[in-house]
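A short worksheet on the structure shown next.
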Amino acid sequence: MNQNPASRYVEKYHAKHIPVPPAPQPVPHVQALHSYRVHLVPDSVHPDDVEDLADEGLLPTIRVKAANAEQAQHRAHLVSGKAVLRADRVEA
């Protein structure tokens, strides 16, 4: 049997068993991120009027991604440097 050395290599390569990788396992302690609209409190607003202004949509807001509302408020404060009134989850 006179075979070309390259063809023997190809046959040998194709004959190798290639293991199938296992299915990926979920990573523990990883939480899905959700989108939140966070209402910021400007310095010029009187504290008694904050809730009414937020309900009327007159306060500035930013969107952040976080695992929960508390994280969203914290991230918004870090980014903006302003006080945060509340975070509302936005359903896409």
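Nothing here was measured: the structure is a model prediction, and the numbers come from that model. Below, all heavy atoms of this structure are taken into account, side chains as well, without hydrogens, waters or symmetry copies.
- Nearest heavy-atom pair across A76 and I62 is CB-CD1, 3.7 Å.
- Across all their heavy atoms, E51 and R86 have their closest contact at OE1-NH1, 3.1 Å.
- The environment of H74 atom NE2 is sparse: at most 12 non-hydrogen atoms of other residues, nucleotides or ligands sit within 6.0 angstrom.
- In this structure, A67 and Y36 approach most closely via the heavy-atom pair O-OH, 3.9 Å.
- Annotation for S35 and R63: closest pair OG-NE, 3.3 Å, computed over non-hydrogen atoms.
- Heavy-atom neighbours of R37 CZ from other residues, nucleotides or ligands within 6.0 Å: at or below the threshold of 12.
- No side-chain donor-acceptor contact under 3.5 Å links R89 to the backbone of A69.
- In this structure the side chain of V84 reaches within 4.5 angstrom of the side chain of L40, judged on heavy atoms.
- Side-chain contact between V64 and Q71: absent, with no pair of heavy atoms (C-beta onward) separated by less than 4.5 Å.
- The shortest side-chain heavy-atom distance between H39 and D88 falls under the 4.5 Å cut-off.
- Going from atom NE2 of H77 over to atom NZ of K82 covers 11.5 Å, rounded to the nearest 0.5 Å.
- Tracing side-chain contacts under 4.5 Å through hydrophobic residues (I, L, V, M, F, W, Y), one reaches L85 starting from L53; they form part of the same cluster.
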